[in-house]
Amino acid sequence: MDDRNDINKFRKKIKRRSLHLRLGVLLLVGLTAILIAVNWSRLISPFKDAALDVGSGGFPVALPGSTEYVMDKLGDNFYLLTDTYLYTYNSGGANIASIQHGFQNPVSDSNSRRVMIYDRNGKGFKFFSRAAEVYSNLLDDTIVFGSIGSGERCAVVTTSARYSNYLYVFNGEGKQIFRWASPENKIMQVCFSDNDNSIFVSVIGEKGGELRLSVMRFDLDNSESAIWQTDTGSSITYSLEYCSEGIYIVTEDGALILDSESGEITSRCSFTKSVYGIPETDGLRAVIFNDSGFNGETVVAYNEQLLPEFSLTPDRITAFDVSGGNLYILSGTKLKVYDSSLMGIKEYVLDDVYAGVKIIGSGAYLLGYNSVQRQAL
């Protein structure tokens, strides 16, 4: 009987353990289901992109009714931003999604996978995939401008009652991962490093009665202070870009390259003409100047030491883009292609006059009055 009683106790203990285990599994499954339900839109977004029915497409793409359009790249796709909607299209011209953004003064920035739209002089911004909204965020202060990195991170600069500006960095889920208050200087531009782990900030302030500009580097895992800060002079900064040589800066009076690790100025040059446009670097570093002597524009290409190597005086420039070391200039009904030596290598006669051009893959996407056309390259 003693042995049998011991066996019964053992069996009861096993049953209790089994019951506890089943209850634990059910609780874990329930919690997992809740987490999946809460984050369903984010989890399913990449798969929706892959399986999306985009229809037949074709060019030209008729523009939806609106007064203003912004066209830009979204990986191998393109998008149109209007005063009310974000429209995304694939490379074949088929509409992927039409999403109402709800902002009064929408401004966009994009990378290969995401579009960031913020409300200039408002307090909201949103993050989109090519198919849907990923998240939205509402800040306490007014947004001055925003910028997106190469991955899932984005930066937002706002006004502040206590400081000159606030700089926020958010991850791909809309969670704030970095904040910096600029005490006296105004933030002008920001750019991310190639892995989005660092952010570079251009600021302007007053010192000794003169304007002084500087560039700072912050590592996003350290919000205490800047890694370095470099004085770049008294000229207004037009652009700030991370490139293979370091931080490429174009000001109203010249250009600089800073070593991204130390902040040291490694190259510098001066301008004698006013800046008209600054193409992003993609195998070609060029600046477009207003040229009063030719009553038009002059393009100058610089080497890694910022020494001018080549120049070009094209016809009237309507729009431009750089891709794969080539410069594309839209002028009237012509699209002209120049190599890294600014030698003309191709000319396309277009079917209409267009206002904008973006080079995506093997095509030039042209923004017209009431349509988007694609020119095979």
Side-chain angles (χ1 to χ4, degrees), residues 59 70-79 88-93 108-115 130 147-151 191-196 238-250 255 257 260 267 275-289 297-315 317-331 334-350 354-367 372-377:
F59 288 94
V70 172
M71 180 180 68
D72 215 334
K73 308 172 188 178
L74 181 54
D76 294 332
N77 312 292
F78 71 97
Y79 71 88
T88 59
Y89 300 84
N90 70 5
S91 58
S108 66
D109 194 18
S110 64
N111 60 24
S112 61
R113 296 183 61 246
R114 295 288 184 259
V115 179
R130 71 188 187 113
S147 180
I148 194 169
S150 59
C191 70
F192 287 90
S193 61
D194 57 350
N195 55 15
D196 288 354
Y238 288 152
S239 70
L240 188 72
E241 184 181 352
Y242 183 89
C243 62
S244 57
E245 291 83 21
I247 309 304
Y248 174 49
I249 306 162
V250 177
I257 294 179
S260 59
S267 302
V275 176
Y276 171 84
I278 308 163
E280 291 187 359
T281 58
D282 184 3
L284 174 67
R285 180 174 293 110
V287 179
I288 304 174
F289 299 97
E297 293 82 38
T298 296
V299 184
V300 179
Y302 296 85
N303 63 17
E304 295 178 358
Q305 289 75 43
L306 290 182
L307 296 174
E309 284 193 319
F310 310 102
S311 64
L312 165 71
T313 303
D315 295 334
I317 299 176
T318 304
F320 56 85
D321 199 8
V322 170
S323 179
N326 292 333
L327 173 65
Y328 296 80
I329 293 180
L330 180 64
S331 178
K334 294 182 180 179
L335 178 64
K336 297 182 179 181
V337 188
Y338 302 87
D339 64 14
S340 57
S341 301
L342 298 184
M343 296 292 295
I345 57 175
K346 192 78 174 180
E347 180 176 299
Y348 298 93
V349 178
L350 308 175
Y354 294 95
V357 60
K358 291 293 178 182
I359 309 303
I360 307 174
S362 60
Y365 293 76
L366 304 156
L367 178 63
V372 173
Q373 182 63 280
R374 183 183 186 274
Q375 172 66 55
L377 300 175

Ser362 meets the side-chain hydrogen bond (donor to acceptor under 3.5 Å, both in side chains) criterion, sequence neighbours left out, with Arg374

Those residues at least two apart in sequence (or on a different chain) that pass salt bridge (charged side-chain N to carboxylate O under 4.0 Å, His left out) with Glu297 are none

Taken in chain and number order and not counting sequence neighbours, the residues that satisfy side-chain hydrogen bond (donor to acceptor under 3.5 Å, both in side chains) with Ser150 are Asp196

Taken in chain and number order and not counting sequence neighbours, the residues that satisfy side chain to side chain contact (heavy atoms under 4.5 Å, CB included) with Glu309 are Asn303

For Asp339, the side chain to side chain contact (heavy atoms under 4.5 Å, CB included) test, sequence neighbours excluded, returns Asn326, Ser341, Met343, Ile345

Residues at least two apart in sequence or cross-chain that pass side-chain hydrogen bond (donor to acceptor under 3.5 Å, both in side chains) with Thr318, listed by chain then number, are Arg316

Residues at least two apart in sequence or cross-chain that pass ring pair (Phe, Tyr, Trp, His ring centres under 6.0 Å) with Tyr328, listed by chain then number, are none

By ring pair (Phe, Tyr, Trp, His ring centres under 6.0 Å), Tyr348 pairs with (sequence neighbours left out) none

Glu241 meets the side chain to side chain contact (heavy atoms under 4.5 Å, CB included) criterion, sequence neighbours left out, with Tyr248, Glu280, Thr281

Applied to residues 320-329, the salt bridge (Lys or Arg N to Asp or Glu O under 4.0 Å) test, sequence neighbours excluded, yields Lys73-Asp321

With sequence neighbours left out, the residues meeting side chain to side chain contact (heavy atoms under 4.5 Å, CB included) with Asp194 are Tyr242

Residue set satisfying side-chain hydrogen bond (donor to acceptor under 3.5 Å, both in side chains) with Ser260, at least two apart, ordered chain then number -> none

